[in-house]
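Values in this document were obtained by computation on a predicted structure and should not be read as measured data. Atoms within a ligand are numbered from 1 in the order they appear, just like the ligands themselves.
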Amino acid sequence: MQDKYAHKEVERAAHAHWNATDAYRVTEDAGKKKFYACSMLPYPSGKLHMGHVRNYTINDMLARQLRMNGHNVLMPMGWDAFGLPAENAAIKNGVPPARWTYENIAYMKQQMQAMGLAIDWSREVATCDPSYYQWNQWLFLKMLEKGVAYRKTQVVNWDPVDMTVLANEQVIDGKGWRTGAVVEKREIPGYYLNITSYAEELLDHVQIGNPKATLNGWPDKVRLMQENWIGKSEGVRFAFPHDIKDASGALIGDGKLYVFTTRADTIMGVTFCAVAPEHPLATHAASTNPALAAFIEECKTGGTTEAELATQEKKGMATGLSVTHPITGEEVDVWVGNYVLMSYGDGAVMGVPAHDERDFAFAKKYGIAIKPVVTVEGETFNQDAWADWYGDKQRAVCVNSGAFDGLPYKVAVDAVAAQLAAKGLGEKKTTWRLRDWGVSRQRYWGTPIPIIHCPEHGAVPVPEKDLPVVLPQDCIPDGSGNPLHKHEGFHAGVVCPVCGQSARRETDTMDTFVDSSWYFMRYCDPTNSDKMVAEGAEYWMPMDQYIGGIEHAIL
Ligand code: ANZ
């Protein structure tokens, strides 16, 4: 026994021995109890930081202890290697993202090895490697076949000087981070995953007290956050009929302005309707009203996040159009409101200033009538100031509401829904806050979306046999748009899989969360070229320990 711990010598000798014996390489062994210890795969940002060290040490201690006790322990490592920082580094240093990324991987791997982590390096994966991302593409094709993946237009942040799409974090005070130009909201086509079809199932899994819940044991506040994120909202979807026609003489929206409300009991208090700036009625009205067109343009500048929309000052403008109240038959003016989201419900609201705080602020600002239609015992309505009880549905009873007078909230909602249904104008509906997942990025350093655009057949999936669609490694982004547009090799010789005509590849790439949503299963059989997730997963999954994200909490 030596007096001093001569770490350099001891560790050098230990590492040499582990390397020579391949000490941490594991194979599936049915005779042993397995333990799968996984860490969140790191982004190869350059160097390890103390958050990484802490994370990996926790699993390392666990792995070593269990191994000594006879467990068959898998502890893999990989690299979340696509994404924006590599492109930013390219812009700054003029180095291709591929080179920057692989150099960082080599450096960080050597740091991890110097730490002596008990990692099975034979299972290392890098998400920017075609042998990995080809499975993103394969899965995408399968989801297209099933209708889970689909294409539609999406609103993005557009930098008009760099002619490029910006991530939310690249928009600072409504301006592009590099150019300082006022950012526009633009609609461009993109790909989505239909996760909202699974909303009910997801909710069942997380909801506290739900008999189908599988997340029992997780902290309640995490589960509640998830529940609010999924955001189930039960209400009524109904239409205000109208006869507003477009330039060709066709009724816009088949003559119906649909809205979603959770407070159908307040329907008799509607004094206006408000539509989102992107709503077809807004576009129609703006075509003959330059002031409105300018207002809509103004709404399109600035951030697109929900938080930004929620906190900004409520602004609006009348469209000059009106629709018919479905119960009273009165004319109701249609406004454009900057607080109405196109992507929620129907992109339009019934305005009830007496009972919705946002509508109250809006009505006060623009001199719109405020008509109380529910009351709470012992309270008196004051038109000058908002009070919380105006919106308190639990204690509300209808007044000034004709046939609905005296009904409490729930009963009134059912009665209103029944009347609307009898007129063929509406029904009860569940709306979700959860949105479909927009997976395309108008960026270079990611998994190419396996689509070919044919002048005749439109967006055609790349046949499975032609996968992977390989991302060129030699592009150096300069900040002005996606360099794949200009990369001749990427488009050379591409033909439409349907008709054989010359065609162009899709240049959008996938969100990097696609990469990191299944890597833990790939580690179980990392080199399998026939299957995305193969038999190894049956042995190792479910993982026994996951350490993820602590580094974010520390930094
Ligand atoms: C009239 C009303 C009266 C409302 C009232 C509330 C209180 P949650 O619970 O989040 O689902 N809304 C509907 N679509 C919208 C959109 N696209 N953008 C902005 N707001 C929208 O909220 C549902 C309520 O949010 C709906 O109920 C609607 O306002 C508004 F005293 O309708 B309510």
Problem set entry | Min side-chain heavy-atom separation Cys273-Val349 under 4.5 Å |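 They are not in contact (no side-chain heavy atoms under 4.5 Å apart), so the answer is no.
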Exercise. Under a 4.5 Å cut-off applied to non-hydrogen side-chain atoms, are Arg505 and Val469 in contact?
Worked result: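 The answer is yes, as the side chains (C-beta and beyond) meet within the 4.5 Å cut-off.
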Just to confirm my output: which protein heavy-atom neighbour is closest to [atom], and how far is it?
| atom | answer |
| --- | --- |
| atom 4 (C) of ligand 1 | Asp356 OD2, 3.7 Å |
| atom 18 (N) of ligand 1 | Leu341 N, 2.9 Å |
| atom 27 (O) of ligand 1 | Thr262 N, 3.1 Å |
| atom 21 (C) of ligand 1 | Val349 CG1, 3.2 Å |

Exercise. Any non-hydrogen atom of Ser233 lying under 4.0 Å from ligand 1?
Worked result: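 Per 4.0 Å heavy-atom rule, Ser233 contacts ligand 1.
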Exercise. Does some non-hydrogen atom of Tyr390 fall short of 4.0 Å from ligand 1?
Worked result: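 The answer is no: ligand 1 sits nowhere under 4.0 Å from a heavy atom of Tyr390.
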Problem set entry | salt bridge (charged side-chain N to carboxylate O under 4.0 Å, His left out) between Asp254 and Lys256, intermediate numbers included | CA-CA 6 Å; Asp254 285 336; Lys256 288 175 178 165; over 6 Å; no
Problem set entry | Within-cut-off N or O pair, Tyr344 and ligand 1, under 3.5 Å |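 Yes, since at least one N or O of Tyr344 sits under 3.5 Å from an N or O of ligand 1.
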Problem set entry | Backbone or side-chain N or O of Thr261 under 3.5 Å from ligand 1 N or O |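 Yes.
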For this session: Measure from the ring center of Phe140 to the ring center of Tyr191 and say whether it is less than 6.0 Å.
Result: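 Under 6.0 Å, so yes.
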Problem set entry | Aromatic ring proximity Trp437/Phe513, centre distance under 6.0 Å |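 No; Phe513 has its ring centre 6.0 Å or more from that of Trp437.
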Exercise. Once the angle between the rings of Tyr133 and Phe82 is folded into 0 to 90°, is it parallel (under 30°), tilted (30 to 60°) or perpendicular (over 60°)?
Worked result: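 Because their plane-to-plane angle lies in the 30° to 60° range, the rings of Tyr133 and Phe82 count as tilted.
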Exercise. Of Phe260, Tyr339, Trp432, which has the heavy atom at the shortest distance from atom 28 (C) of ligand 1?
Worked result: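 Going through Phe260, Tyr339, Trp432 one by one, Phe260 has the nearest heavy atom to atom 28 (C) of ligand 1.
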Exercise. Just going by heavy-atom distances, which of Arg263, Arg358, Met350 is nearest to atom 7 (C) of ligand 1?
Worked result: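 The option holding the nearest heavy atom is Arg263.
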